[in-house]
Number of protein chains: 2
Amino acid sequence: MGEYVPPTLTVDSVVFQLDGNKLSVLLIKRAREPFIGWWALPGGYCAAGETTRDAMARILNNKAGLETGKLGLVEQLYTFDTVARDPRGHAVSVTYMGLGRDLQLEVGSHTQTPQFFPVDTLPKVAYDHDDIIHYALERLQSKVSYTNAVYALLPDTFTLTQLQQAYEAALEHPLDKRNFRKKFLSYDAIEPTGQQHKEGAHRPAMLYRFRETGLQELERSFD
Amino acid sequence: MGEYVPPTLTVDSVVFQLDGNKLSVLLIKRAREPFIGWWALPGGYCAAGETTRDAMARILNNKAGLETGKLGLVEQLYTFDTVARDPRGHAVSVTYMGLGRDLQLEVGSHTQTPQFFPVDTLPKVAYDHDDIIHYALERLQSKVSYTNAVYALLPDTFTLTQLQQAYEAALEHPLDKRNFRKKFLSYDAIEPTGQQHKEGAHRPAMLYRFRETGLQELERSFD
DNA sequence: ACAAAAGTGTTAAGAATACACCCATGT
DNA sequence: ACATGGGTGTATTCTTAACACTTTTGT
């Protein structure tokens, strides 16, 4: 047991945000082999003494200039391991999903041209990262269906239309306005702020906020 | 980057089966420090060049005398990492859930008194293994609710009463017989074999089998 | 004939769906 | 006055939940 050598451990992150009502994923351009020049999920090594969650924060900060404290929700997804995953040898990759809004990417000395891409027009990505992105998207969809997780994609106060658009972007299909409002309001997960949102030549919208800011299950679920 | 040292990587497994209509978990008695003499989930190191899935099979075989080919379903659960998890230092543990029926534990030179314990009367367990077991139980319950996963807890042919008992054991609450049958049969996930199951001084029961033996989503979900 | 589990249907309440017009504002 | 998005209710269908007796067998 003294000769024990653990596999390489890496962390890859799928960060979603809404970009003009389109669900988008954060990718970086790889600066070295393998897959140099390809777009990829921000990822890197996890070292002894560092939790995978800490490694995620460090890597997103270094490679994408993203402060994970700004994410409204972080959730571990799945741990992928295939001997062929990394051309340099066997690797195990723990993956995380992050949700945010209006995320700032602070360009630094190690950032690798981080950029958000709408999920429906992704470029070719390195490794098995398209599998990971699709896995994350499924998790996002199910999470958003039975919890209040959309809060992480929205500003603190928002209109019912914005809320519905966030759901539509995440679920990738349209919802009926009256049924959506009736059902969502019945959950009592949000409350009116009393404020109005004026914008453009039309009736102003009521602003709402979530009653609870943490992750909570909804009474019933959507599709 | 040449000085990269990965954390210790371990795999722990939660194997469930029905033991006389009681949902039970496989535990072993630890043979060495730390937690020597305590009951624990079967677990061990994952080495470079070995996938975590392969490590799971090897460890279950060595420590519990269980052939993972006999499991009807294996699913990765979650990857736990806390610096304090293992007194020997920082470790990352990938966890798996396995479901089976009538599992044989073949005692060998390395097996550590493997034994199934009903989930409602578990002994004290080592590490954070009670957290892992509860996590697995929740996953089992949700999996069984929206998929045909119970098939892995049942023999190839079974009566509707056995099916219902499997659900009740997994969900930990009773179900209404007529509603259960009506709803489950409406899924078309099972078919009658034409055979009957005679047992005891009462009307024989029809035997059913699952149409598909792999994991499939049900049209609607239970609770 | 009795004990034991198998099998079977109806009704009422709740949830999901489909659907169209008026309201408040800015220009 | 008109263009724009905000806001609202009802009828129908489907799903769920509650509930009790008859059937078939072995002893």
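Throughout, a chain's letter reflects where its sequence line sits, starting with A, and its residues are numbered from 1.
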Between [X] and [Y], what is the shortest heavy-atom contact and its length?
X: A:Ala170; Y: A:Gln141; answer: O-NE2, 3.0 Å
X: A:Pro155; Y: A:Gln162; answer: CG-NE2, 4.5 Å
X: A:Leu18; Y: A:Ala169; answer: CD2-CB, 3.6 Å

Nearest-nucleotide check on DNA chain D, B:Ser221 vs B:Gln196; residue mapping nearer the 5' end is B:Ser221
Walking DNA chain D from its 5' end, the first of A:Asp176 and A:Arg203 to be reached, judged by nearest nucleotide, is A:Arg203
Rounded to whole Å, how long is the line connecting atom [atom1] of [X] with atom [atom2] of [N]?
X: B:Lys198; N: C:dG7; atom1: NZ; atom2: P; value: 13 Å
X: B:Arg220; N: C:dA16; atom1: CZ; atom2: P; value: 13 Å
X: B:Lys183; N: C:dA15; atom1: NZ; atom2: C1'; value: 13 Å
X: B:Gln162; N: C:dG7; atom1: CD; atom2: P; value: 11 Å
X: B:Leu163; N: C:dA6; atom1: CG; atom2: P; value: 12 Å
X: A:Lys182; N: C:dT17; atom1: NZ; atom2: P; value: 10 Å
X: A:Glu199; N: C:dG26; atom1: CD; atom2: C1'; value: 12 Å
X: A:His197; N: C:dG26; atom1: NE2; atom2: P; value: 13 Å

Compute the ring centroids of [X] and [Y], then answer whether they are less than 6.0 Å apart.
X: A:Trp39; Y: A:Phe117; value: yes
X: B:Phe210; Y: B:Phe158; value: yes
X: A:Tyr167; Y: A:Phe184; value: yes
X: A:Tyr146; Y: A:Phe222; value: no

Applying a 4.0 Å non-hydrogen cut-off, can you work out what [X] is touching in the nucleic acid: base, sugar-phosphate, or nothing?
X: B:Arg181; value: base
X: A:Lys177; value: base
X: A:Thr161; value: sugar-phosphate

Which of C:dG7, C:dT25, C:dT17 is nearest the side chain of A:Pro204? It is C:dT25
Closest to the side chain of A:His202, out of C:dA24, C:dA6, C:dG9, is C:dA24
Outermost contacting nts on DNA chain D, any atom under 4.0 Å from chain A heavy atoms, listed 5' then 3', are D:dA3 to D:dT10
Note: for B:Leu160 and A:Arg178 on DNA chain C, the residue whose nearest nucleotide lies more 5' is B:Leu160
